[in-house]
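Report on the following structure.
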Amino acid sequence: VGLRRFFFLTAGCTGAAVLIVEILGAKILAPWFGTSHFVWTAQIAVTLISLACGYYLGGCWVDRSAKPGKLYAAIIGAGIYLAATTPFTESLAYACLNLRLALGSLVASVVLFFVPLTLLAMVGPYLIRVLTQSVDAVGGNVGRLSAVSTLGSVVGTALIGYVLIPLCRNSVTLIITALALIGLGVIYYVIWGRGGARAGAIAAFLLTLGIGWFGANQDRYNGKFTTELFRVNSNFGQLQVIQSTTMPFRALENDYLTQNTYDNVTHASRASFTYLLGGLARMYATNLDDVLCIGLGVGIVPMQFATNGPRVDVAEINPAVVPIAQRFFDFQPDKMNIFIEDGRCYLNRCTNRYDAVCLDAFLGDSPPSHLMTREAFASIRRVLKPGGTLVINSFASFDAGRDFLGQSLAKTLRDVFGSVRVFGVHGGNTMYVASARETLEPLRQPDVANIHPYCWEKTRDTFRSPIEPNPAIGIVLTDDFNPSEFYDAMNREELRRNNAVAVRDRL
């Protein structure tokens with residue numbers, strides 16, 4: 001009876017592990033490949049192929065020998081494989097960056113996760129055969145094992161989503177999962193196995209501890225030119241505060257993408273987009289008494305507004321960035337109203353009205369697509385006062401052949417607001433200004449006096465560099481049809497590759 005119950009515990013634990021690895025795998029690959037649908041498609045495809053192969057191999061294997069010891073050896077093998085990937089994930093990811101985004105993320109996912117997921121998928125058919133004593137009991141065993149495994153998957157999903165990702169580094173979560181799997185094998189061999197098998201299982205557990213310690217401690221960000229001041233995992237990626245060891249500036253990075261850079265001596269941003277967001281709002285908004293910022297960043301843009309008098313509301317989806325901004329970037333949350341929620345959700349329930357809305361929300365290497373549609377812009381227009389202005393920060397390109405997103409955003413904004421202006425220089429951020437006014441002309445000249453010297457020239461040139469969109473290119477993006485991730489993949493791939501190489505070179 002005890003062994004039978006342990007088999008069901010095994011089904012539940014391995015079901016949980018499969019979902020943890022599936023979700024965690026995409027998070028592990030995010031610093032190099034982003035969080036686009038390409039990465040999730042690769043991870044889900046590898047998981048499903050692994051399950052199919054594991055079910056088939058498990059059934060064939062158990063028909064040859066129904067000894068449970070073989071199954072627990074496979075589970076231990078899955079744990080060792082998962083642990084062994086931690087020291088080599090970064091090297092593999094950089095190698096796969098030489099491939100296109102879709103192929104590179106698929107190859108990395110196959111190498112890292114196909115083998116352990118296949119081994120774990122063997123559990124179901126193997127245990128069904130071991131537990132079945134007669135044909136009459138097949139249906140009940142299949143139903144019970146499937147139910148327990150599925151409930152385990154639910155528990156695993158909850159653990160990874162609500163506990164492990166927010167509280168643990170990805171490498172630590174992977175090691176915990178590996179140790180839990182090997183622990184199942186250790187328990188089986190200690191209670192029901194033989195002496196040699198027990199010793200081998202315990203040795204595997206200790207080996208995994210060693211690999212885990214090495215891999216987790218190798219996963220640092222300190223180098224010749226930078227030192228890591230702070231790191232935390234969050235529901236929206238890994239957040240790091242990086243301090244330069246050669247110059248007085250620090251940066252907030254989200255999955256290795258720089259969110260902002262800050263001069264910690266002059267207490268000013270070194271990123272041109274922070275001055276462009278506020279500057280364009282002041283140039284084109286008729287008034288600036290009430291401002292909404294969608295996306296906090298490190299709090300520099302909202303602080304610039306609040307310091308100059310307007311009432312400022314901020315919609316920020318990630319609660320982890322608020323204490324980081326306060327601790328490392330001189331952010332003062334008491335100077336504004338902060339709403340921890342998705343920007344689209346905030347807009348849907350908002351009853352306030354604003355003179356300007358600054359949309360500076362990014363999910364990895366791009367603005368979230370659900371904030372870049374006709375319906376989302378209509379919600380923003382609803383909360384704007386007459387004469388109010390929307391300002392958007394983006395990485396959209398207007399280079400020929402790579403301008404689908406840039407042209408589509410302009411077309412969508414024109415469809416909703418009527419008047420649109422676009423500004424950008426090559427290699428810099430692209431800024432959009434939209435308003436329901438019939439003509440959108442600057443009401444004030446930009447103030448470039450207080451811009452940090454590091455980005456002064458680029459900021460000035462962007463103010464002076466309007467872009468004329470081509471109405472023949474792009475589409476109106478809607479909630480129902482927004483293929484921007486697909487058509488903008490080349491730009492995002494290049495951004496990710498360049499950023500990952502820059503990170504490696506700084507170490």
Side-chain angles (χ1 to χ4, degrees), residues 1-26 40 43-79 81-82 113-165 173-174 176-193 201:
V1 176
L3 181 57
R4 184 182 179 87
R5 290 176 178 173
F6 187 70
F7 288 157
F8 282 102
L9 175 64
T10 300
C13 290
T14 53
V18 168
L19 263 294
I20 288 174
V21 171
E22 179 180 7
I23 296 171
L24 184 64
W40 279 106
Q43 189 65 11
I44 293 170
V46 168
T47 300
L48 293 175
I49 293 171
S50 300
L51 292 177
C53 292
Y55 295 152
Y56 178 80
L57 292 175
C60 293
W61 203 19
V62 75
D63 283 343
R64 295 178 182 176
S65 173
K67 294 180 180 179
K70 293 175 61 176
L71 176 64
Y72 286 95
I75 294 173
I76 289 174
Y81 193 103
L82 287 173
F113 307 115
F114 174 77
V115 170
L117 287 172
T118 298
L119 293 173
L120 293 176
M122 294 169 60
V123 170
Y126 207 101
L127 289 182
I128 290 171
R129 174 65 180 85
V130 170
L131 287 169
T132 300
Q133 301 298 321
S134 68
V135 175
D136 293 339
V138 171
N141 287 332
V142 171
R144 283 187 290 271
L145 278 170
S146 299
V148 170
S149 179
T150 302
L151 289 175
S153 298
V154 173
V155 172
T157 303
L159 276 174
I160 189 69
Y162 299 112
V163 179
L164 295 173
I165 285 177
T173 298
L174 195 66
I176 290 173
T177 305
L179 289 173
L181 292 171
I182 296 172
L184 283 173
V186 170
I187 292 172
Y188 172 80
Y189 286 117
V190 166
I191 298 177
W192 294 284

Donor-acceptor pairs under 3.5 angstrom involving side-chain atoms of residues 51-60: please list them, not counting sequence neighbours.
none

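- Residues passing the side chain to side chain contact (heavy atoms under 4.5 Å, CB included) test with Ile44 are Glu22, Leu48, sequence neighbours excluded.
- The side chain to side chain contact (heavy atoms under 4.5 Å, CB included) check on Lys67 picks up Ser65, with sequence neighbours excluded.
- Looking only at side-chain heavy atoms (C-beta outward), Leu19 and Ile160 stay at 4.5 Å or farther from each other.
- Atom CG of residue Leu71 and atom OG1 of residue Thr10 lie 7.5 Å apart, to the nearest 0.5 angstrom.
- Side chains of Ile165 and Thr173 form no contact here, defined as non-hydrogen atoms less than 4.5 Å apart.
- One finds the CD1 atom of Ile187 at 7.0 Å from the CG atom of Leu9 (value rounded to the nearest 0.5 Å).
- Listed for the Thr177 side chain is no donor-acceptor partner under 3.5 Å among the backbone atoms of Ala17.
- The side chain to side chain contact (heavy atoms under 4.5 Å, CB included) check on Ala11 picks up Leu127, Leu145, Val148, with sequence neighbours excluded.
- Smallest separation of non-hydrogen atoms from Leu117 and Ser50: CB-CB, 3.5 Å.
- Partners of Tyr72 according to the ring pair (Phe, Tyr, Trp, His ring centres under 6.0 Å) rule, which considers only residues two or more places apart in sequence or in another chain, are Phe6, Tyr188.
- Every side chain to side chain contact (heavy atoms under 4.5 Å, CB included) that Val155 has, sequence neighbours left out, goes to Leu159.
- In terms of heavy atoms, Pro68 sits closest to Tyr126 at CA-CE2, 4.3 Å.
- The minimum heavy-atom distance between Tyr189 and Ile76, with the atom names listed, is CE1-CD1, 3.8 Å.
- Here the closest non-hydrogen pair linking Ala74 and Trp61 is CB-CZ3, 4.0 Å.
- Counting heavy atoms from C-beta outward, Leu181 and Leu82 have side chains that approach closer than 4.5 Å.
- Nearest heavy-atom pair, Ala178 versus Gly79, reported as atom, atom and distance to 0.1 Å: CB-O, 3.2 Å.
- When side chains are defined from C-beta on, Tyr81 does not count as touching Leu119, because their heavy atoms never get closer than 4.5 Å.
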